[in-house]
Amino acid sequence: MGYKTLCFGFSCILFAYCLYSPIPENIEERWKVRYVDTIIKVASRMATLFENIGLMKYETIFSTMATFYITQAVSDENITVIDTDFSGIPVRLYLPKRKSERKRPAVIFIHGGIFVFGSCKTTDHDSLNRHTSNKLGAVVVGIDYRLAPKHPFPAALEDCVHVTKFFLQENILSNYRVDPSRICIMGDSSGGTLAATVTQLLRNDPEFKNRIKAQALIYPGLQLIDTFLPSHREYEHGPILHREMMLKVASLYVTRDSSLTQALLRNEHMPEGSRHIFKFVNWSDFLPEKYKKNHVYTEPVLGKLNASYPVLVDSRLFPLLANDSQLQNLPLTYILTCEHDLLRDDSFIYIVRLRNVGVQVIHEHMEKGVHGALSFTTGTVALQLGFKIRDRYIHWLEENL
Ligand SMILES: *[C@@H]1O[C@H](CO)[C@@H](O)[C@H](O)[C@H]1NC(C)=O
Ligand SMILES: *[C@@H]1O[C@H](CO)[C@@H](O)[C@H](O)[C@H]1NC(C)=O
Ligand SMILES: *[C@@H]1O[C@H](CO)[C@@H](O)[C@H](O)[C@H]1NC(C)=O
Ligand SMILES: *[C@@H]1O[C@H](CO)[C@@H](O)[C@H](O)[C@H]1NC(C)=O
């Protein structure tokens with residue numbers, strides 16, 4: 001009883017405190033965003049407290065919260081929904097019931113959740129994929145890849161690659177009546193990271209070179225070699241995604257050793273000898289003037305971390321580290337960004353780099369947008385912005401896939 005009261009009192013204080021946290025003026029449905037942001041901040045503070053007193057790991061609160069939203073595979077009048085596995089990896093399939101003369105397009109969907117939580121089966125993703133399948137008459141494949149920290153890098157990526165390659169087999173495509181020339185890979189947030197990497201890997205694999213027609217990346221994270229890009233600084237405290245939480249959770253994809261998190265927070269995590277890759281994030285060449293403001297690009301301090309993680313210079317972890325020849329001939333690319341998003345500048349850099357090597361990029365920018373909105377399309381905190389992003393993305397698919 002005493003413990004519960006204590007927790008309740010603590011939550012109240014945090015809640016009041018968080019309500020005062022500043023939220024940019026120019027945001028759609030500002031109060032709803034503030035509400036969601038507050039819940040995330042309270043959860044994060046509680047998670048830190050619980051971790052400090054040894055009750056549970058920081059990330060457990062978030063992964064537990066995500067599991068509350070997992071849905072069963074329920075078919076409706078238009079779509080048959082099936083949980084199965086491809087090559088041993090769980091997937092959820094959305095198969096249109098409508099008869100069609102033409103073969104169907106397909107979307108391979110990779111969910112976000114900072115590599116540590118979430119599922120393609122949660123309410124928000126389930127509803128997005130159902131909607132996509134219905135609107136496009138498309139087969140949608142949601143991948144339930146393995147999560148960190150239990151399964152660190154490259155488990156998630158390997159699962160996504162395996163599922164994609166399995167699906168791309170001729171007999172599998174024809175089994176689902178999929179047109180092999182109309183396949184898109186899509187991901188949001190860290191799902192966008194994985195989608196971008198899978199697309200790069202397939203593009204550089206002779207057997208799969210031209211098998212993907214398009215990639216769609218919704219506010220993806222594309223690098224953490226420099227954690228002080230202008231958007232990282234300006235949206236350090238969110239809304240929705242904030243720097244400390246993001247780095248704490250994301251570092252679990254590499255290691256459980258919290259010294260990496262500490263180094264990431266100070267932007268002193270990159271090893272000696274990695275200077276040559278900073279040309280990919282030196283944003284003085286890439287960002288529009290309005291985002292540079294009074295920020296000055298400074299190269300991070302190298303070689304301070306007393307542990308070696310060779311993966312930090314691996315483009316399979318950070319797709320922005322792929323060199324120009326690896327980016328050439330990537331398929332048609334759709335990137336959606338939000339103004340008020342920590343990860344915003346990653347995309348702006350990637351877009352310039354892709355266009356510089358001749359990749360066709362369609363870029364939609366939500367001037368009043370916040371990170372993660374696509375995950376708020378169900379329940380009481382549904383954001384209009386979420387529906388807007390969904391509809392733009394699906395409209396783009398209708399025109400281009
Ligand atoms: C089935 O598709 C029709 C036509 O697109 C739509 O009006 C209806 O709402 C859909 N049903 C469900 C359950 O989504
Ligand atoms: C970053 O890029 C700008 C423009 O190309 C260049 O002048 C500057 O020296 C670079 N900074 C570092 C630290 O490499
Ligand atoms: C750094 O690593 C070396 C070699 O593994 C070890 O001997 C040393 O104690 C470490 N220093 C710190 C401050 O952790
Ligand atoms: C690009 O990276 C690939 C793979 O790491 C490497 O084989 C290739 O030589 C690099 N190309 C250039 C131009 O640096």
Side-chain angles (χ1 to χ4, degrees), residues 71-82 92-100 104-105 123-140 154 157 161 196-206 208-209 223 225-230 267-268 270 272-289 291-303 310-330 345 348-350 352-354 356-359 377-378 382 387 390-391 394-395 397-398:
T71 57
Q72 297 297 314
V74 180
S75 300
D76 64 29
E77 52 182 314
N78 303 318
I79 316 282
T80 307
V81 183
I82 308 171
R92 178 167 286 184
L93 302 180
Y94 299 81
L95 310 168
K97 285 183 178 168
R98 215 180 319 147
K99 289 266 176 297
S100 120
R104 307 180 190 292
T123 335
D124 50 338
H125 295 139
D126 184 70
S127 117
L128 171 70
N129 289 336
R130 200 175 280 276
H131 196 77
T132 309
S133 179
N134 196 21
K135 276 288 232 184
L136 262 83
V139 170
V140 177
L157 178 62
V161 169
T197 314
V198 172
T199 309
Q200 287 180 4
L201 291 174
L202 293 194
R203 141 78 183 86
N204 291 292
D205 180 335
F208 294 91
K209 206 166 162 38
Q223 65 89 30
I225 66 167
D226 186 338
T227 65
F228 273 146
L229 299 188
N267 205 24
E268 291 180 349
M270 292 302 286
E272 211 84 71
S274 61
R275 179 157 287 115
H276 63 288
I277 57 178
F278 282 89
K279 60 178 179 286
F280 298 132
V281 291
N282 179 346
W283 45 264
S284 13
D285 287 332
F286 299 116
L287 287 189
E289 285 307 319
Y291 292 153
K292 293 184 189 169
K293 292 190 185 155
N294 50 356
H295 301 288
V296 178
Y297 176 76
T298 45
E299 204 177 76
V301 183
L302 305 179
V311 57
L312 292 178
V313 298
D314 192 332
S315 63
R316 292 175 309 147
L317 182 64
F318 301 135
L320 198 56
L321 300 187
N323 63 32
D324 285 357
S325 61
Q326 290 170 297
L327 295 185
Q328 259 165 31
N329 306 320
L330 278 178
D345 294 348
F348 274 83
I349 297 174
Y350 201 47
V352 174
R353 289 201 54 217
L354 290 179
N356 282 349
V357 296
V359 175
T377 52
T378 53
F387 295 110
R390 182 192 75 180
D391 292 345
I394 288 178
H395 179 72
L397 282 177
E398 282 173 326

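Ligands are counted one by one from 1 in listed order, and the atoms in each one are counted from 1 as well.
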> What pairs with Asp314 under salt bridge (charged side-chain N to carboxylate O under 4.0 Å, His left out), at least two apart in sequence or on another chain?
Replying inline: Arg316

> Do the non-hydrogen side-chain atoms of Phe278 and Met270 ever get within less than 4.5 Å of each other?
Replying inline: yes

>> Regarding Lys209 and Asp205, does a basic nitrogen lie under 4.0 Å from an acidic carboxylate oxygen?
In response: no

> With sequence neighbours excluded, what pairs up with Arg353 under the salt bridge (charged side-chain N to carboxylate O under 4.0 Å, His left out) test?
Replying inline: Asp324

>> Using a 4.0 Å cutoff against the non-hydrogen atoms of Ser325, which atoms of ligand 4 qualify?
In response: 1 (C), 11 (N)

> Taking heavy atoms and a distance under 4.0 Å, where does Asn134 meet ligand 1: side chain, backbone, both or neither?
Replying inline: side chain

>> If only side-chain N and O atoms count, and only distance matters, is there a donor-acceptor pair under 3.5 Å linking Asn267 with Thr227?
In response: yes

>> I'd like to check which ligand 1 atoms, numbered from 1 as shown, lie under 4.0 Å from a non-hydrogen atom of Asn78.
In response: 1 (C), 2 (O), 3 (C), 8 (C), 10 (C), 11 (N), 12 (C), 14 (O)

> Is a side-chain donor-acceptor pair under 3.5 Å present for Thr71 with Arg130?
Replying inline: no

> Does a side-chain heavy-atom distance below 4.5 Å link Arg98 with Asn134?
Replying inline: yes

>> List the residues meeting ring-ring contact (aromatic ring centres under 6.0 Å, His included) with Tyr291, not counting sequence neighbours, and say none if there are none.
In response: Phe348

>> I need the contact type for Arg130 against ligand 1. Using non-hydrogen atoms and a strict under-4.0 Å cut-off, is it side chain, backbone, both or neither?
In response: neither

> ligand 2: which residues have a non-hydrogen atom closer than 4.0 Å?
Replying inline: Asn282, Ser284, Asp285, Tyr297

